[in-house]
Amino acid sequence: RGIIKKALEIIVLCDAHVSLVIFSTAGKMDVFCSPRATVDQILSRYQQNTGNQLWDAKHEYLKQEVERIKKENDRLRIKLRQLKGEDIASLNHLELDEIERTLEDGLANIRKKQMDCWKIHKKQIRAMEEDNQSLAWSLHQMGVEDDTKGIMREYLQRDSSFPFRVHPFHPNLQ
């Protein structure tokens, strides 16, 4: 606080431009600048007067790259909103046709992927049915009868948590 107070006194008494950048031992940064100037302006003036390059070409390139990426990000956000059907009032018919084509292509890709997943699912079901038939045949070969209906009937008759009882002669159970 004391050094900022002194900087304010220098600004008033000497009509000078002052900029302070203070780093605490904890890593906290404080910046103070004259009311009629910015830190960038003061650093540029320092660089011109001393000839010292504070920003080399690499830093300038990185700054430009960050700006380019920010603009690209904004453009992509606008495009995403338009693909969602938002902010389309200002678009002309050619731009709307392009968005429609993009959405139709995306929908076609999604449907293709769904069909691929469905085919894989069907193959898995067929494989499980074949395994089930193979196991049933193996059980039959070993002499074990398929009494799953009888086992289920006994289970349901014993378990009182079911609100119904299975009647073996009911026509819907055939």
Side-chain angles (χ1 to χ4, degrees), residues 1-135 155 159 161-163:
R1 290 183 198 169
I3 196 163
I4 292 175
K5 184 178 177 185
K6 293 295 179 190
L8 282 170
E9 290 174 3
I10 292 172
I11 292 170
V12 172
L13 294 174
C14 302
D15 193 30
H17 294 282
V18 176
S19 178
L20 292 173
V21 179
I22 304 168
F23 291 97
S24 70
T25 55
K28 183 180 172 191
M29 181 183 80
D30 288 316
V31 177
F32 171 80
C33 193
S34 299
R36 294 183 310 262
T38 64
V39 175
D40 287 338
Q41 290 172 341
I42 292 175
L43 290 175
S44 295
R45 246 175 103 182
Y46 172 80
Q47 193 169 301
Q48 287 172 353
N49 290 336
T50 63
N52 292 339
Q53 290 291 340
L54 298 175
W55 299 99
D56 58 2
K58 180 180 178 183
H59 289 107
E60 192 62 36
Y61 170 75
L62 291 175
K63 184 178 178 183
Q64 290 172 355
E65 189 67 15
V66 166
E67 288 300 318
R68 187 191 63 77
I69 290 172
K70 283 181 183 178
K71 287 178 185 175
E72 179 72 11
N73 187 21
D74 291 341
R75 188 186 65 77
L76 289 174
R77 285 178 188 259
I78 290 170
K79 187 164 181 130
L80 181 61
R81 281 197 308 271
Q82 290 171 345
L83 287 173
K84 289 181 179 179
E86 303 168 1
D87 299 333
I88 58 173
S90 64
L91 299 177
N92 63 34
H93 74 282
L94 294 175
E95 293 168 328
L96 291 172
D97 286 343
E98 181 184 340
I99 290 174
E100 183 180 16
R101 239 184 338 274
T102 302
L103 290 173
E104 286 173 351
D105 291 345
L107 187 58
N109 290 336
I110 289 170
R111 286 187 176 144
K112 183 181 179 301
K113 180 64 177 175
Q114 282 179 327
M115 288 306 294
D116 292 345
C117 290
W118 181 253
K119 287 176 185 176
I120 291 171
H121 180 68
K122 287 297 238 182
K123 285 180 184 177
Q124 290 173 341
I125 288 174
R126 263 186 257 129
M128 283 190 233
E129 287 173 348
E130 290 172 4
D131 289 346
N132 189 19
Q133 289 174 353
S134 173
L135 289 172
Y155 175 75
D159 191 359
S161 65
F162 285 91

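Note that the coordinates shown come from a computational prediction; the quantities given were computed from them, not determined experimentally.
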Hey, is the main chain of [Y] close enough, under 3.5 Å, to the side chain of [X] for a donor-acceptor pair?
| X | Y | result |
| --- | --- | --- |
| Q64 | Y61 | no |
| S19 | C33 | no |
| T102 | E98 | yes |

Shortest non-hydrogen pair, A16 vs S34, comes out as O-OG, 3.8 Å

Ionic contact status for [Y] with [X], cut-off 4.0 Å:
| X | Y | result |
| --- | --- | --- |
| R75 | E72 | yes |
| K112 | D116 | yes |
| K6 | E9 | yes |

### Query
Going through the checks in order, is the salt bridge (Lys or Arg N to Asp or Glu O under 4.0 Å) test met by D15 and R36?
CA-CA 11 Å; D15 193 30; R36 294 183 310 262; 3.0 Å; yes

One should read off an interatomic distance between N73 CG and K71 NZ, to the nearest 0.5 angstrom, of 13.5 Å

Point to revise | Intermediate values then yes/no, side-chain contact (heavy atoms from CB on, under 4.5 Å), I120 and K123 | key: CA-CA 5 Å; I120 291 171; K123 285 180 184 177; 5.6 Å; no

Can you check whether [X] reaches [Y] side chain to side chain, under 4.5 Å on heavy atoms?
| X | Y | result |
| --- | --- | --- |
| R111 | M115 | no |
| L80 | K84 | yes |
| M128 | N132 | no |
| F32 | L8 | yes |
| H17 | R45 | yes |

task: Evaluate the criterion side-chain contact (heavy atoms from CB on, under 4.5 Å) for residue pair D87 and I78; output intermediate values, then yes/no.
output: CA-CA 8 Å; D87 299 333; I78 290 170; 5.9 Å; no

